[in-house]
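From a predicted model like this one, the values you see are computed outputs, not experimental measurements.
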Amino acid sequence: MGRHDVLLARMPEELVGHARSVVDWLVGDFRDFGEVGQAELQRMLWIDLPNRWPVSAEEWLRVVEAAGQVMELAGRPSLAVIARSEETAEVLEAYARDRNEGLLAANAAFGRTGTSPPDTDLLTWARHVTAAEANAYDELQRVLEAAIVAGDYVPGAPGWRRRQQALTERWLTSPSRYFDGWRPIDVIHTQRREAWMLGVSSEREQRLAPVVPFLRDPVTVPEGEPATLVWLLNRIGDGVRLTQRGYLPPELAREADERFRWSPTPRPANREVDLSELMELHGIVRGQRLVTKRRDTLRLSARGRSVLLEPVRLWEAAALAWLGEHPYEVAVAEIAAAVLVREPATSAELAAAAHDVVAPDFRTRDDAPVPHSATEGAAWSFLRRGFALGLVADRPPGGRYALNALGRPAALTALRLRAHSPHEPRWRDCD
């Protein structure tokens with residue numbers, strides 16, 4: 001006889017099958033109904049039922065009613081109310097119209113409950129999670145649910161999201177018995193670093209593993225760096241008028257050349273196109289949304305003004321910008337940065353180190369293997385951005401590029417941010 005057969009025997013005959021499925025899904029043979037939380041029931045009804053259960057949409061509301069009666073009989077009337085709520089019916093109606101519409105409705109409903117762990121400055125939750133992150137997310141949902149019950153915050157009340165975020169960050173950074181005394185944030189980051197190293201090619205792990213020990217702790221941020229980016233943002237300020245062709249004005253190009261000695265000829269430069277480093281910086285500030293353009297005027301965006309006031313954010317924005325924007329470009333730059341952290345290398349050596357590691361994870365738009373020339377171009381782009389940001393030393397004899405005193409901490413910062421960020425699925429388009 002099963003543990004919950006007595007409860008199931010009290011169910012209406014037409015709902016017994018669905019009720020048994022609810023019981024098996026939520027508690028099985030090893031849990032009690034007292035352990036079932038609000039978020040757990042909502043996830044079953046709003047996510048699992050319409051996406052994973054082998055029942056038709058016409059049967060969803062019968063499952064909902066079965067869940068409501070199970071919760072009543074198990075002594076959890078508040079959960080029965082949630083099962084039968086208008087919100088549950090609306091979410092399932094959205095799924096019946098379109099799966100994506102249903103997912104959006106479910107996510108919005110979870111957001112209103114206040115039990116979904118929010119993104120914070122410490123952690124953005126991944127869509128494709130490791131086991132540790134999934135466990136942490138589930139446990140934190142229970143913590144947030146208990147906080148709501150205790151009155152620590154009331155969803156919908158003024159300031160509730162701020163208090164929810166503070167509680168989340170406190171839980172992430174406190175030793176947890178759930179993780180054998182480790183802080184949840186450290187466990188999540190450890191598994192993310194391990195997942196980050198893996199790829200289609202086993203060589204990726206070999207290339208990245210030597211730098212992983214340096215990625216556990218944040219890098220000390222140099223004040224006022226990178227100087228070239230700080231200078232350009234301050235120079236743009238409230239606005240500079242672009243040329244008719246969209247380039248930075250001549251006076252700004254002359255000032256850049258006088259300050260940083262970028263011109264390849266003895267004659268001072270008068271145009272942005274004469275200074276490849278300035279062109280790279282111009283692309284970086286636009287790509288990172290540090291500036292906005294209206295008509296012929298370029299000025300700092302709200303993000304640009306804010307990072308100028310926060311050296312850590314500016315440094316991290318510059319480090320990530322150094323890696324590039326396109327996924328293939330970033331993947332090549334990760335390997336190139338890891339190589340240069342250990343030793344100088346030519347552009348060709350960086351491309352050779354990256355190609356067999358990165359290319360198997362990508363295909364061209366024609367579903368063909370990525371050509372070596374694409375990797376060479378990405379490696380050279382990485383070096384050009386490094387020159388513009390003042391992170392790569394001038395080319396020495398033999399053509400072996402080296403990181404300067406700022407380049408090493410910038411490379412480690414960029415790799416740390418990548419290793420600890422949510423990861424995209426493999427097999428992407430390189431074009």
Specify the closest pair of heavy atoms between Tyr401 and Ala393, including all atoms of both residues, with the distance to one decimal. CD2-O, 4.5 Å
For His189 and Arg193, which I'm curious about, is there any donor-acceptor pair between the side chains at under 3.5 Å? no
Just by distance, do the side chain of Glu329 and the backbone of Leu323 share a donor-acceptor pair under 3.5 Å? no
Between Asp366 and Ala368 (side chain of the first, backbone of the second, donor and acceptor by atom type, cut-off under 3.5 Å), is there such a pair? no
For the side chain of Trp315 and the backbone of Ala410, is there at least one donor-acceptor N/O pair under 3.5 Å apart? no
pair Val22-Met44: side-chain heavy atoms closer than 4.5 Å: yes
Give a yes or no on whether the backbone of Leu290 and the side-chain of Ser301 come within a donor-acceptor separation of less than 3.5 Å. yes
Looking only at atom types and distance, does a side-chain atom of Asp257 sit under 3.5 Å from a main-chain N or O of Ala269, one as donor and one as acceptor? yes
Where is the tightest heavy-atom contact between Ser116 and Gly111, given as atom of each residue plus distance? OG-N, 4.4 Å
So, Ser276 versus Arg384: side-chain donor-acceptor pair below 3.5 Å or not? no
Count the heavy atoms belonging to other residues, nucleotides or ligands that lie under 6.0 Å from CZ of Arg305, then report whether that count exceeds 12. yes
Could you tell me whether the side chain of Arg31 and the main chain of Leu26 form a donor-acceptor pair under 3.5 Å? yes
Close side-chain approach of Ile284 to Leu232, heavy-atom, < 4.5 Å: no
Can you list the steps and then say if Val91 with Gln42 is a side chain to side chain contact (heavy atoms under 4.5 Å, CB included)? CA-CA 11 Å; Val91 168; Gln42 289 165 333; over 6 Å; no
Tyr95: which residues meet the ring pair (Phe, Tyr, Trp, His ring centres under 6.0 Å) condition with it, sequence neighbours left out? none
Polar side-chain atom of Gln191 near backbone of Glu133 as donor-acceptor pair, under 3.5 Å: no
Is Leu144 close to Tyr153 at the side-chain level, that is, under 4.5 Å between some pair of heavy atoms? yes
Kindly give the heavy-atom pair with the smallest separation between Leu298 and Leu242, and that separation in Å. CB-CD2, 4.1 Å
Are Val357 and Arg204 close enough, and set up right, to give a side chain to side chain contact (heavy atoms under 4.5 Å, CB included), and what steps lead you there? CA-CA 5 Å; Val357 175; Arg204 178 178 172 86; 3.3 Å; yes
Evaluate side chain to side chain contact (heavy atoms under 4.5 Å, CB included) for Leu350 paired with Thr375, printing each intermediate quantity in order. CA-CA 9 Å; Leu350 293 178; Thr375 311; over 6 Å; no
Test item: Arg192 side-chain N/O and Ala419 main-chain N/O as donor-acceptor pair under 3.5 Å: no
Counting only N and O atoms by type, is there a donor-acceptor contact under 3.5 Å from the side chain of Glu376 to the main-chain atoms of Ala351? no
When every non-hydrogen atom of Gln165 is compared with those of Asp119, the smallest separation belongs to NE2-O, 2.9 Å
Could you tabulate the donor-acceptor pairs under 3.5 Å formed by side-chain atoms of residues 209-230, not counting sequence neighbours?
unit_1, atom_1, unit_2, atom_2, d
Glu225, OE1, Ala227, N, 2.8
Thr228, OG1, Ala388, O, 2.7

Polar side-chain atom of Ser174 near backbone of Trp171 as donor-acceptor pair, under 3.5 Å: no
Do NZ/NE/NH1/NH2 and the carboxylate oxygens of Glu349 and Arg400 come within less than 4.0 Å? yes
Which pair of heavy atoms, one from Asp121 and one from Glu169, lies closest together, and at what distance? N-OE2, 3.6 Å
So, for Pro117 and Leu140, which heavy atoms are closest and what is the spacing to 0.1 Å? CB-CD2, 3.6 Å
What I want to check is whether the side chains of Trp53 and Glu59 have a donor and an acceptor closer together than 3.5 Å. no
Do the charged groups of Arg142 and Glu139 touch, with an N to O distance under 4.0 Å? yes
Under 4.5 Å between any side-chain heavy atoms of Asn51 and Leu103, yes or no? yes
Heavy-atom distance under 4.5 Å between the side chains of Gln288 and Val307, does that happen here? no
Would you check if Arg259 and Trp231 make a side-chain contact, meaning some heavy-atom pair closer than 4.5 Å? yes
In this structure, CZ of Arg43 is separated from CD of Gln141 (nearest 0.5 Å) by 5.0 Å
Give the intermediate values and the outcome of side chain to side chain contact (heavy atoms under 4.5 Å, CB included) for residues Val143 and Tyr178. CA-CA 12 Å; Val143 170; Tyr178 191 81; over 6 Å; no
